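Worksheet for the structure shown next.
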Protein chains: 2
Amino acid sequence: MLSRETIVGATFQVIDTAGVGGVSMRAVGRVLGVDPKSLYNHVDGKEGLLDAVAEALLSTLDLPEPTGDLTTDLRAIAYAFRARALSHPEAASLVLTRQLSSFEGLAPIEAVLRILRDAGFDVEESVHLLRVVLAALIGTLLREVNAGPTYGSEDAAGIAERTAVLEASELPAVTAAASHLARFDADKEFEYAVELALDAVVHRAPKGQNQR
Amino acid sequence: MLSRETIVGATFQVIDTAGVGGVSMRAVGRVLGVDPKSLYNHVDGKEGLLDAVAEALLSTLDLPEPTGDLTTDLRAIAYAFRARALSHPEAASLVLTRQLSSFEGLAPIEAVLRILRDAGFDVEESVHLLRVVLAALIGTLLREVNAGPTYGSEDAAGIAERTAVLEASELPAVTAAASHLARFDADKEFEYAVELALDAVVHRAPKGQNQR
DNA sequence: ACCTGAACACCGTTCAAGT
DNA sequence: ACCTGAACACCGTTCAAGT
């Protein structure tokens, strides 16, 4: 018997081997040895299936226990989110890109709002901060998964080639920065982004609270 | 006679009426009254066509004249970028999402690096800042175009409905912030994001420079 | 240099009929 | 309640043949 769960599982299988672009009702049906049309009994078309995949990914995000320290707690959530998104790199763009309205997506939001509230932010500013920080996180992760492992810091030949291309532009600032632009260390970039975002949050925190 | 230019133009037509999802070689061919296979003489398949569209959008970004003031100049670029991305809202996700390697994409990068360099940042930090700020910008705009006009601040009924859904979650911090979470004013969110990012940049700027 | 006919191997989805 | 046959209206792309 078919079920929503097994269908989502089969979709992960397709995504892991053929990418999100490889997902089709027919491909998923093939994995399950079932007619693609049967899927419609459990899932709301292809869009609904992809939403279900994104939700499955988010729902297993385990939120770290809060310590009471603003930056420690926000940082922990950011890293947990990244770990989850990268657990199926090919599926990451789904979580990052879909407008999720399900309950699944609300737990992390609750966690972040609670931390900000405890740090003394008022509700309105908390929502703004939540949105900017999340956008920065998503933008950073999106670049990371788009760049792919090809863009790693290892591949010396690739770096040399990209440096050459950048220098060929003859734009002075680009040329001067070429060797840095050609390199991309995902871990370091993420760390830099998170620390910058945390700085910005702390910088706006009301005084006399527990953030330091 | 067909040309790359007319093909890209026809694709914009398709995108503006049917969204990115409506783009197909056949649909573009139909607009031009031409066999879809003919497109392959001017464009590298569908992927290449979408790249060309994104590049066309970026290439008409006109960069504001620098004034020499760090925040003024970065802010001007951010707003110019947004205006361009939103000029064809349905096409925005292409510019925001594609890994562009063309010359077109380098001009804005040159501009930003030059501003950061003039503010006294060293090359390595400039590249980091460029990447974080761009990621934040992209994340913010992606949300904006995904949310769509539906999520405007006008629609009182929609806001009420979303507030109710959020409150139904019974998560305390989400409930407390429900009325703010249900609202989304794209202009204000963008402004907040930009000012936060600029604060973060200024905060890291070497002293004794021209940023103030 | 450019266009297209023939051809191939794909898609998502509805709906009525079966169990 | 679930599965599927028949059917429809789509896709992207290659390659050889035409002008």
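Numbered from 1 within each chain, the chains take letters A, B, ... in sequence-line order. Keep in mind it's a predicted model, so treat the numbers as computed, not measured.
Taking CD1 from A:I109 and OG from A:S126, the interatomic distance works out to 13.0 Å, rounded to the nearest 0.5 Å. Note that CG of B:L142 is 11.0 Å distant from CG of B:L137, once rounded to the nearest 0.5 Å. To the nearest 0.5 Å, the span separating CZ on B:R4 from CG on B:D44 amounts to 8.5 Å. Here the CZ-CG distance, from B:R98 to B:L58, works out to 12.5 Å after rounding to the nearest 0.5 Å.
Distance check on atom C1': D:dC2 versus C:dA16 gives 15 Å, rounded to whole Å.
Between B:R143 and B:E189 there is no salt bridge, since no side-chain nitrogen of the basic residue lies less than 4.0 Å from a carboxylate oxygen of the acidic one.
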If you apply the rule salt bridge (charged side-chain N to carboxylate O under 4.0 Å, His left out), what do you find for A:D199 with B:R204, and how did you get there?
CA-CA 10 Å; A:D199 270 13; B:R204 271 169 157 71; 2.8 Å; yes
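Residues satisfying the side chain to side chain donor-acceptor pair (under 3.5 Å) criterion with A:K37, sequence neighbours excluded, are A:D35. Under the ring pair (Phe, Tyr, Trp, His ring centres under 6.0 Å) criterion, B:Y79 pairs with B:F190, sequence neighbours left out.
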Secondary structure string for DNA chain C (Watson-Crick or G-U under 3.5 angstrom, | for other-strand pairs):
||.|||||...|||||.||
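Take the nearest nucleotide of DNA chain D for A:D35 and for B:K37: the residue whose nucleotide is more 5' is A:D35. In terms of position along DNA chain D, the nucleotide closest to A:P36 lies nearer the 5' end than the nucleotide closest to the other residue of the pair A:P36 and A:R26.
Between the A:R183 side chain and the A:A178 main chain, no donor and acceptor come within less than 3.5 Å of each other. In this structure, the side chain of B:T97 does not engage the main chain of B:L94 through any donor-acceptor pair within 3.5 Å.
Heavy-atom contacts from other residues, nucleotides or ligands closer than 6.0 Å to CD of B:E195 number more than 12.
A heavy atom lying under 4.0 Å from DNA chain C marks the following residues of residues 38-48 of chain A, by number: A:Y40, A:G45, A:K46. Within residues 11-19 of chain A, no residue has a heavy atom under 4.0 Å from DNA chain C.
Counting 5' to 3', DNA chain C first comes under 4.0 angstrom of a heavy atom of chain A and last does so at the ends given by C:dC11 to C:dT14.
The one candidate from A:N146, A:L96, A:V95 that meets the side-chain contact (heavy atoms from CB on, under 4.5 Å) condition with A:L141 is A:L96.
Within the 4.5 Å cutoff, the side chain of A:V20 has no heavy atoms near those of the A:V53 side chain.
Here B:R30 lies in heavy-atom contact (under 4.0 Å) with sugar-phosphate atoms only.
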